[in-house]
Amino acid sequence: MSALHIKKGSTRHSAYNLRPTFSDQEERHTLAVLVENEPGVLARVIGLFSGRGYNIESLTVAEVDHTGHMSRITVVTTGTPQVIEQIKAQLGRIVSVHEVHDLTVEGDSVERELAIFKVVGDGDKRVEALRLADIFRANVVDSTLNSFIFEITGAPEKIDAFADLMRPLGLTEVARTGVAALLRGS
Amino acid sequence: MTREMTGAKMVVEALKEQGVDTIFGYPGGAVLPIYDEIFLQNDIRHILVRHEQGAVHAAEGYARSTGKPGVVLVTSGPGATNAVTGLTDALLDSIPLVVLTGQVPTFMIGSDAFQEADTVGITRPCTKHNWLVKDTDKLSATLHEGFHVATSGRPGPVLIDIPKDVQFATGTYQSAKPTGSRYQPTVKGDMAEITELVAAIETAERPVFYTGGGVINSGPAACQLLRELVDATGIPITSTLMGLGAYPASGDNWLGMLGMHGLYEANLAMHDCDLMINIGARFDDRITGRIDAFSPNSQKAHIDIDPSSINKVIRIDIPIVGDVGHVLEDVLKVWKSRGRKVNREAIAKWQEQVSAWRKVNCLAYAGSEKTIKPQYALQRLEALTKDHDRYITTEVGQHQMWAAQYLNFEDPNRWMTSGGLGTMGYGFPASIGVQMAHPDALVINVAGEASWLMNMQEMGTATQYRLPVKQFILNNERLGMVRQWQELLHGERYSHSWSESLPDFVKLAEAFGAKGIICSDPADLDDAIMEMITHDGPVIFDCLVEKHENCFPMIPSGKAHNEMLMGEADTKGAIQAGGAVLV
Ligand SMILES: Cc1ncc(C[n+]2csc(CCOP(=O)(O)OP(=O)(O)O)c2C)c(N)n1
Ligand SMILES: [Mg+2]
């Protein structure tokens with residue numbers, strides 16, 4: 001036997017033992033990617049995900065620093081821990097990427113998404129939709145005699161829950177922005 | 001220093017400033033202004049290839065044999081799309097290239113103009129980075145940045161797409177700023193990890209160095225440090241296809257190449273080691289075989305400049321991100337300062353084990369007096385050329401693997417082959433690029449007849465520039481590697497793996513104004529090879545070899561390192577259907 005002092009999680013004993021340490025469990029991570037705001041940069045990031053077979057659950061992008069020409073891409077992805085690490089490393093290789101942050105592991109983060117919902121109906125359903133909107137702090141941003149457009153902001157789960165409730169009440173269209181996220185604290 | 005000039009002139013100025021002496025290219029409408037500037041100067045030599053793919057592979061050969069970036073100039077549309085295979089090849093093998101493409105004028109982009117293609121879109125996934133330059137004032141800075149990105153960190157190909165109006169317009173030329181770029185990859189390794197590696201080296205009983213193309217990319221100094229470390233510790237060393245020559249084949253600790261067609265001793269050392277030190281290699285599937293049975297008892301260290309290579313396929317215990325040269329320097333420093341310790345006794349035993357494996361003589365093959373065995377041809381080529389200032393390129397297939405097995409490389413940058421992409425048609429243009437960089441050297445492309453035909457048009461380039469490249473074709477009249485897989489994995493159903501209607505290679509050579517040699521008798525081989533070497537000019541050598549020879553050892557896809565097939569006798573029933581789905 002080897003005299004080596006081998007760290008926990010090493011592959012020393014059997015390659016089959018890789019499984020427990022190389023977990024199969026899929027995780028959901030929110031990544032913040034700071035990029036040079038130049039033509040094609042979004043295509044580079046998206047092309048990386050499609051080309052290497054990674055998932056994109058949600059993606060938002062906007063310029064956040066006009067003088068520095070920096071954009072922030074917030075991407076929510078799922079994968080095993082190994083895949084998540086690869087995604088971060090691969091993002092880091094892109095020449096126009098300045099920083100990659102994994103908000104899921106770097107600390108507590110705040111995630112918000114904005115969505116607008118069109119709900120069509122009348123009578124009791126209309127009243128119920130309005131009542132639920134109130135509970136969810138959704139605003140009515142447009143109204144006709146038989147429809148509302150609600151605006152709601154919150155964590156993605158809250159928006160999902162609101163959508164579930166609105167569906168039987170006449171939900172016809174949804175537009176969501178995707179997640180924007182920041183780490184808490186300084 | 002800033003000066004006013006046209007975009008086209010800026011291209012030539014920037015190339016000069018970057019120290020470029022040779023470019024490979026092919027003109028067309030969208031690059032005419034640049035070709036005009038090339039016409040008007042004498043500092044940069046332009047080599048007119050016969051196909052843009054040839055230009056890129058030639059530039060790869062130039063780059064790989066010099067350590068300098070290769071430069072390519074092609075036109076828009078078909079010129080750019082023809083370059084795509086070469087770009088992908090260079091990306092997978094981390095070869096620094098700067099490829100300049102013409103583009104339709106900015107005001108016509110998006111209109112499906114003549115010879116318009118979305119070049120940056122097409123090449124985004126096959127370049128390290130690319131740019132479309134829309135403003136002449138930004139052109140020179142982009143060109144300098146292109147060289148910086150191509151050559152820094154993990155090298156790779158970059159592409160700069162230059163619309164024709166940007167070439168014509170006048171702007172301000174800016175010289176390269178030494179620290180102008182934001183792109184600055186980490187080169188120094190983490191000292192804590194380095195110390196951990198040294199500690200592992202001190203106690204390991206069965207350590208092995210597994211080295212790759214990254215050592216060669218890091219440069220001659222890195223190769224020197226590697227040699228010092230290997231020789232001082234006595235640790236056996238193997239290398240990937242891409243890393244041959246970093247450590248000399250004549251060195252005591254050399255195990256030979258590892259992997260799918262690697263040597264028995266190299267693969268078994270990898271399988272049985274207790275400490276694997278990966279230096280600038282990337283656990284490619286040709287190397288690892290079955291992942292879950294890969295080197296099951298080892299602690300693994302990995303030195304790589306690209307963090308994404310670490311933990312990508314194999315879990316690493318000691319990750320070190322940094323340039324091989326910088327890291328090895330620190331490893332040696334720390335190892336020396338801690339008293340140059342290794343587990344001498346255990347390593348001596350380990351070396352004995354390695355010697356026992358070597359005695360198996362895995363490269364033995366059944367000789368023949370009647371037909372030329374491809375292995376024999378390469379052994380003779382090795383014997384007759386090894387004392388020359390020699391550079392070898394290859395195509396892709398069995399001949400490539402045999403070349404890696406039977407030719408010996410004493411120095412880095414002497415072996416140019418398409419590893420990651422496995423591009424048939426690479427070797428001939430690459431040999432042209434190598435010969436351009438080393439006019440007096442003996443440059444040999446070890447080819448298969450099928451691969452060679454893929455870029456045979458470059459005969460025109462070879463004769464035009466009087467490049468004495470030797471095309472040593474191991475002609476088995478088969479797509480030999482495909483045929484071997486069909487034999488072993490597809491019930492000997494040889495679907496389209498015949499090389500039918502081959503040209504008469506001697507006449508073909510003559511048609512291009514070159515020399516042709518044909519040889520089919522082992523007794524004539526030495527004289528024929530000597531004739532090839534001594535001829536002052538390009539030669540096509542048609543070496544008719546055994547048609548159904550298989551390349552061994554072989555680890556079938558999906559098998560472990562200790563499940564190697566050593567020869568014909570091993571193949572019966574050894575390969576399960578499962579392996580057939582892997583490539
Ligand atoms: C461009 C390209 N097309 C197809 C292949 C698949 N392929 C790999 S080896 C090979 C046969 C090569 O035949 P040859 O050049 O005669 O070499 P041999 O194996 O006979 O030595 C083929 C078709 C490839 N590697 N590259
Ligand atoms: Mg062949």
Side-chain angles (χ1 to χ4, degrees), chain A residues 1-24 34-54 68-70 79-100, chain B residues 118 120-121 124-132 134 145-146 148-150 152-154 156 158 181-183 185 196 199-207 273-276 288 290-300 306-318 321 343 346 560:
Chain A
M1 277 307 279
S2 163
L4 288 173
H5 306 290
I6 291 180
K7 280 202 301 199
K8 193 162 152 272
S10 92
T11 56
R12 169 176 179 221
H13 297 293
S14 160
Y16 296 99
N17 294 348
L18 286 177
R19 303 253 157 217
T21 46
F22 253 171
S23 164
D24 279 344
L34 292 173
V35 298
E36 197 99 25
N37 185 15
E38 59 188 16
V41 63
L42 186 58
R44 285 182 209 283
V45 170
I46 293 174
L48 170 73
F49 278 77
S50 62
R52 292 185 183 265
Y54 305 141
H69 297 289
M70 295 279 288
T80 61
Q82 188 199 7
V83 167
I84 300 282
E85 286 309 307
Q86 253 308 290
I87 293 174
K88 288 188 269 179
Q90 292 291 350
L91 284 167
R93 283 177 84 189
I94 298 176
V95 172
S96 13
V97 168
H98 290 222
E99 287 171 39
V100 180
Chain B
D118 176 9
V120 286
R124 206 172 279 131
C126 62
T127 52
K128 182 174 173 184
H129 198 66
N130 63 13
W131 295 263
L132 168 64
K134 288 187 169 172
E145 177 75 356
H148 173 72
V149 170
S152 323
R154 180 175 181 173
V158 302
S181 177
R182 191 193 56 79
Y183 180 73
E196 201 179 329
I201 289 174
E202 288 169 347
T203 54
E205 296 179 352
R206 301 184 306 279
C273 65
D274 69 349
L275 173 64
M276 176 185 296
T288 57
R290 195 169 116 200
I291 294 280
D292 63 3
F294 176 71
S295 194
N297 301 312
S298 60
Q299 188 185 29
K300 296 175 182 74
D306 178 357
S308 79
S309 287
I310 296 176
N311 281 323
K312 183 166 67 176
V313 280
I314 296 293
R315 197 187 172 87
I316 297 303
D317 305 294
I318 309 174
V321 176
N343 192 338

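Lettering of chains follows the sequences in order, A, B, ..., and the numbering in each one begins at 1. Because the structure is a prediction, the values reported are computed rather than measured.
Put simply, the side chain of B:His148 gets close to the backbone of B:Tyr183: a donor and an acceptor are under 3.5 Å apart.
A salt bridge is absent between A:Glu85 and B:Lys312; no separation between the charged side-chain nitrogens and carboxylate oxygens falls under 4.0 Å.
Interface residue B:Asp306: only side-chain heavy atoms are found under 4.5 Å from chain A. Only the side chain of A:Gln86 comes within contact range of chain B, with at least one heavy atom under 4.5 Å from a heavy atom of that chain.
No side-chain heavy atom of B:Phe294 sits under 4.5 Å from any side-chain heavy atom of B:Val313.
Per-residue heavy-atom pair counts under 4.5 Å with chain B were compared for A:Glu38, A:His98, A:Gln90, and the maximum is reached by A:His98.
Looking only at atom types and distance, the side chain of B:Asn343 has no donor-acceptor partner in the side chain of B:Arg206 under 3.5 Å away.
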